[in-house]
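Below: the structure, in structure tokens.
Numbers here are sequence positions counted from 1.
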Amino acid sequence: VCCACCWAVTHVWITWITVGREGICKCGHPKIQHCDEAIKPEDYMGEQWDRHRHVREVPTDAFGDISFGGLGQKTGKYVRVSSDTSCESLYQLMTEHWKLRSPNLLISVTGGAKNFYIKTHLKDKFRRGLIKVAQTTGAWILTGGTHAGVMKHVGMAVRDYTLSSGLMEGQIVVIGVAPWGVIHNRNALIHPEGCFPAYYSLDEQGQGHLSCLDINHTHFLLVDDGTHGHYGVEIELRARLEKLISQQSLGNRAKIVCIICICTTVRPNSHGYSQTIYNAMLNHTPCVVLEGSGRLADVIAQVAALPVSKVTLVLINQLMKRFFVQEYKSFTEVQVIEWTKKVTDKNIHLITSRSDEHAGRQSWERQLELAVAWNRVDIAESEIFTEESQWTSCDLHPAIFSALVGDKPEFVRLLLENGVCVRKFLEHEDTLCELYGHLPACFFLRKLAKRVQGGKIRRGQEPPPGSTKISLSHVAEEVRHLLGSFTQPLYEPSRYKMTEDDVRLMVPSKGLVDLPCSGEEWSADTVWDPGRDLFLWAVVQNNTELAEIGWEQCRDCIAAALAASKILRKLAQESGEDDSEEAKEMRELASHYEKQAIGVFSECHSWDVQRAQKLLIRVSPSWGRSTCLWLALEADAKSFIAHSGVQALLTQIWCGELSVDNPHWKVLLCMIFFPLIYTGFLTFRRDEDIQRQAERTEQQKLAMDSVYSGSSDIKLKRHYRGSSQKPELKPLNCSSRLMSLFTSPQVKFYWNIASYFGFLWLFAVVLMIDFQAYPSWRELLLYVWLTSLVCEEVRQFYHDFDGSGFRRKAKMYISDLWNILDVLSIILFIAGLVCRLQASSTVFYVGKVILCIDFIIFCLRLMAIFTISRTLGPKIIIVRKMMMDLFFFMFLLSIWVVAYGVAKQGILIHNEDRLNWIIRGAVYEPYLIIFGNVPTNIDNTQFDVGSCSVNGSDPLKPKCPVLNDDNMPAFPEWLTIIMLCVYLLFANILLLNLLIAIFNYTFQEVQDNTDTIWKFQRYELIKEYHSRPALPPPFILLSHLILFIRGVLLRYPPQKHKHFRQELEQTEEEELLSWEAYMKDNYLASTRQDESQSVEHRIQDTAEKVGVMSELLEREQEMVSATVTKRLAKLEEQVSESTKALRWIVDALKSQGCKSKMQPPLMSKSSDRDDGESSGQETDEESAPHTFARQLQYPGSTVKRFPVPEEKVPWEVNFTPYLPPVYNQQDSSDSDTSVLDKYRNPGGRTGIRGKGALKSLGPNHILHPILTRWRDAEHKVLEFLAVWEEAEKHWALPGGPVKANEPLAQTLERILGKKLHDKTKSQIEAGEQLSLFLLQVESSLSSHQPLQWREVSSTACVCPYQREALHQIAQCHNTHF
């Protein structure tokens, strides 16, 4: 990738280096590598070489892909950039051109590049820890990029992870920022148009003082400043890049955290790395020091836990002597002082960080945002969500949004468990729109983008990010398309208003988006269901874990699971790639939710059958006013429909008002002798309901009497009786019983069977006995009967049973095989009737033939009637499957039949021109051979000339074969016999046995699922006869006439089928959903219990526990070992000091002439606590003196202070090397040493002399007027007026410098401004309380800095001396501080 914002450099020849390297420029390059204009001595004579003046930039000539070869063919990206390149351009290059995801964490590893040695156990810990952090947080690792030192260890850690995870390319991003001038073999990377790839070889033997790139890094930024062989030129660019990346947002308010990992053998005089560490400490950048990696890292680790007062020059000298050994002698005294100062500053910032660790809610929110970004559920669970923390749902909304968008289901579950309310989270539709706007790349997103953009996105093309503006109306249209047009949109436009842009996108000019049909209006009955919204958002992106969490939040869980199954199967079907991984995952997830729906319904059915059946036919407002039963049918959920509870409901609907326990023979008998229904011969469901209600009422009375037998609360008893009383059911009267009998779908079915058999009997009689030239009464009755069948088919075609619309109903009608047979039989009957009514005898006979064929189709249609039978229904399904197998088999068999028939016909017969005999010889006879009809014309022994026609003149005889002179067939008899044997071998033995095997396979495959398929198809028959008129054909014409009058003439609305669709009242709806949610929780609990008791789960749980115990033991062993080591070191130090003290005492006594016969005992100072135990508890009682006044870099300048350690601050302490520089920001004549010595800082040494940024020597007074007010009327909270200091990044008291001999009133007026000063003065003189509005203050104060009223407390973020002033103000007002 060639990025125009990245630059390389060329070089300018300026100065010669003559000592030992003749002909080498200051930049490190020889003369021949410079351009012509750079070597003209007259242009640059007498100048000193300067990188900024004598180097110019040109477009980069080294970029592209880099391949290291070897095992695995490691490849990466690289670019050569200038040291002055903009970091914004580099970040854009990495994220947009290199396609790197923005990091959640930046780990900058710094340390030794040469002679780096680390112990084996520390090396393993370093690698494991680094990879674990990078893998779990999605971090970028930033190193020096060369194959040496700590960079080499980082690369090897990445390599080990890549090999162990089995990935060709690691998921961990390791970016090497290396100086271009020290890269060995860098010429292989240069190409003006880029290298794709550039082949780079690792040559450690011939690199010399240069370095090779590490082969395990993934990306390289090669920094060029025009020099050759100079290390450290990349440090400035790397620091700027780290700062830029750390300022990037993680998605909400969180920023990327940068961590400096220090594992180093760096010497203190290695300015680059030491300055990097020091700057990181001052900037509060987290630093990880690997203790044991040697030298500087060990020095920092030793003093990290010590208080500032104990970090002395003596201690630093001892540690440096201990860890640097021979190199210690090369250190100067100033270097040791400087590093003592830097380490002291590090400890001060460490103490400050500890004190601010629990600053408030913002700190916890920041930690939560980082934990979500890094996906560290364990940290959030143990450190953030504690018993002391009080989180509200609104506080956690940004975190759960980031977790949902970032696909972190464990975090989503944790946040839901700790107080996130989904209803509050999705309260505003903008949140849901934003979630859909952050959908990952998936098939639904492509469909949605196509709908929004008007179908302009092609298949397989990903929508560009940010190019589509998705509204919930688009989502509603797409979801309705997936669920089916029988549902209503889930989101109505009135609630989710669309902008003008959305309307423009919804209605493209070419009309490529399927908008709702005209006449289809969105109902206002849609409900707001946040659980459904979250579940649907997860389902459409095919996210298994998030969808499971969303499903657990759904109240209408059965309908939600079935709707998800329907949506996923539809998406898999429309993807067009049945074998794709995404389509397979969709089907698997659809099957999973079908099982979930079965599991919850089974739990409901086992507890209460009536309620469970009500769940099936209840209208669900959350899912487009559909029902669970209809969603299951649309989702092709055969297993759900085959459930015993669903089948019980279908059987109940099949029987109508009759009891399901009635035997079939009783029903058939009552159909003929209907007065038997008044004798109790048949049982009705109403009778069973009345009996159950009576039993339930009796049980409630007994329970009430037993509970309230001793109670005197009459009102409570009346309330209980009133709540338990329900309207009593009344038995059916005579007319109702008669109507219930004949309107039962079961009875309708029996009457229609009898009617259909009567129709076939009448049809057969007419065809065989009574088919006259003029129609008889039987034939006329047959025509009337057929007319009733035609009218019924028309009624079924137009009858909208479920309100799905005419187009969908027509599509469903045509897709049914039995309906196709009905239409075909009717068309053939009409065609035969037309031919039959013709006067021609030929046409009349043709009409009879057509009617005979039509009779066959009517007989085949009889099979559909028996699909209701539990015995015959599955067998009919098997026959249909075998017919499909037979069709494909016949195609294979026809190849052999035609091949043999044509060859035989060509050998035997010469030039047969009669088509009927050609077909007979080529197709018909070979087909009959399969069934045992062996031909006689292929064998000469059975040849008879009289059985054939020589010239083919006799139309009733076949043509004779080719004859010889003896009038015998001349064909080769041996060939025809061999051909017949081979044909019989393949056709009769191979193909027929293959057909038997196919039938057997189909039978075995279908037999296991036949019962399920039969139960699924049983619904269609029950629905048909439920909506069918009660009268059978031909009397059904009366019913059709009544329906025509009611629907067309009177325009009555169609009747609703309450058995399949039931509207519930609001109270009953809430109770049923609550009960369903309770059953869902029971099912999930039982499922988790079963999973926990499985062998696989127990093995996994045991392995995790063993791993945790092993890790804990290892940590404990390390802690014990470290503690023992520290104690021994402390003990050795105490013994050494005690020995020296005793020796001094003995010498002193001896000098005084004291003698003793006994040796004095050796005493050693001991402490009750070892250093390791007390380090975390010891703090300085006194704060460090003027810490901010001793920063090494003077603020706002390039002047560097002389390092002053903590112990050398007081003037009383001798500090011989102290030579501070003189600095005056403004030109001053006060540079005399004697004058400067008079104005010394009374607090001690600061490392600089002169005025600095101040206006005068000596004290520079500042006046801070403190304006306060009471926040409440009770005078409990006192507030002060604060000004935001942009330079210091904290709040402060308003104020300014005091001029000499200036009155106090003038100073206050200058600081506060005239208006505010006069207002304050007038209120004080009037004795009023000072209560100023913030707007007045902002308009009056001379400064343009933002103002704010802050609470007077010890946590106020101000300077220490200002905090002390606030403390005194609080004491004056007797308020809490």
Side-chain angles (χ1 to χ4, degrees), residues 443-444 447-448 450-451 472-492 513-523 525-527 529 532-533 535-536 539-540 542 554 556 558-576 586-587 589-591 593-594 597 616-638 640-641 646 796-816 819 1016-1017 1019-1020 1023-1024 1027 1054 1056-1057 1060-1063:
F443 181 66
F444 180 81
K447 287 174 63 64
L448 200 59
K450 184 177 181 180
R451 180 177 292 273
L472 292 184
S473 60
H474 301 133
V475 178
E477 292 175 9
E478 193 60 43
V479 171
R480 190 187 185 200
H481 166 70
L482 296 174
L483 280 177
S485 58
F486 64 92
T487 61
Q488 294 184 359
L490 303 186
Y491 309 110
E492 55 176 312
V513 178
D514 295 333
L515 297 177
C517 300
S518 58
E520 294 183 4
E521 297 181 356
W522 286 7
S523 172
D525 295 336
T526 55
V527 297
D529 190 346
R532 172 209 59 192
D533 296 338
F535 175 61
L536 182 62
V539 164
V540 295
N542 196 23
C554 293
D556 198 357
I558 299 179
L562 294 173
S565 180
K566 164 64 177 172
I567 291 173
L568 290 168
R569 287 194 171 104
K570 184 70 173 178
L571 285 173
Q573 177 185 355
E574 292 186 353
S575 64
M586 288 179 184
R587 292 190 182 91
L589 190 57
S591 302
Y593 279 109
E594 182 180 351
L616 294 175
I617 59 176
R618 177 191 66 88
V619 173
S620 175
S622 298
W623 294 99
R625 300 189 58 77
S626 181
T627 63
C628 293
L629 185 61
W630 188 244
L631 285 173
L633 291 166
E634 287 295 317
D636 198 27
K638 295 183 176 64
F640 183 84
I641 297 297
V646 181
Q796 292 182 17
F797 185 80
Y798 283 97
H799 178 63
D800 194 2
F801 180 82
D802 45 38
S804 57
F806 174 76
R807 183 182 301 177
R808 177 177 174 80
K809 180 62 183 177
K811 183 179 180 180
M812 293 177 59
Y813 182 88
I814 296 173
S815 62
D816 191 357
N819 290 331
F1016 183 78
Q1017 295 182 351
Y1019 168 82
E1020 292 297 331
K1023 184 185 72 172
E1024 177 184 348
S1027 60
K1056 296 183 178 180
H1057 303 279
F1060 291 91
R1061 187 181 181 89
Q1062 184 178 3
E1063 296 274 359

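- Judged as a side-chain hydrogen bond (donor to acceptor under 3.5 Å, both in side chains), and not counting sequence neighbours, the contacts of K638 are D636.
- At least one side-chain heavy atom of E574 sits under 4.5 Å from a side-chain heavy atom of F443.
- Side-chain contact between I558 and F640 is present, with at least one heavy-atom pair separated by less than 4.5 Å.
- Considering all non-hydrogen atoms of both residues, C628 and L562 come closest at O-CD1, 3.3 Å.
- In this structure, the side chain to side chain contact (heavy atoms under 4.5 Å, CB included) partners of A635, at least two apart in sequence or on a different chain, are S565, K566, R569.
- Considering CZ of R618 and CG of D556, their distance stands at 4.0 Å, rounded to 0.5 Å.
- For E478, the salt bridge (Lys or Arg N to Asp or Glu O under 4.0 Å) partners at least two apart in sequence or on another chain are K447, R451.
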**Prompt:** Hey, mind stepping through R480 and E477 against salt bridge (charged side-chain N to carboxylate O under 4.0 Å, His left out) and telling me if it holds?
**Reply:** CA-CA 5 Å; R480 190 187 185 200; E477 292 175 9; over 6 Å; no
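- Residues L490 and L536 are in side-chain contact: their nearest non-hydrogen atoms beyond the backbone lie under 4.5 Å apart.
- Rounded to the nearest 0.5 angstrom, K570 NZ and L568 CG are separated by 13.0 Å.
- Considering all non-hydrogen atoms of both residues, V475 and Y491 come closest at CG1-CE1, 4.1 Å.
- Note that the CG atom of L482 and the CD atom of Q573 stand 10.5 Å from one another [nearest 0.5 Å].
- Ring pair F535/Y593 is perpendicular by interplanar angle, where above 60° counts as perpendicular and below 30° as parallel.
- In this structure F444 satisfies the ring pair (Phe, Tyr, Trp, His ring centres under 6.0 Å) test with no other residue, sequence neighbours excluded.
- Looking only at distances, no side-chain donor or acceptor of R1061 sits under 3.5 Å from a matching main-chain atom of V619.
- Put simply, the side chain of F1016 reaches to within 4.5 Å of the side chain of L633, judged on heavy atoms.
- Every residue meeting the side chain to side chain contact (heavy atoms under 4.5 Å, CB included) condition with A563, not counting sequence neighbours, appears here in chain and number order: L483, W623, L631.
- Within the 4.5 Å cutoff, the side chain of I641 has heavy atoms near those of the L629 side chain.
- Applying the side-chain hydrogen bond (donor to acceptor under 3.5 Å, both in side chains) criterion to S626, with sequence neighbours excluded, gives no partner residue.
- Between L571 and V540, the shortest heavy-atom distance links the atoms CD1-O, 4.1 Å.
- Contacts of D529 classified as side chain to side chain contact (heavy atoms under 4.5 Å, CB included), with partners at least two apart in sequence or in another chain: R532, S622.
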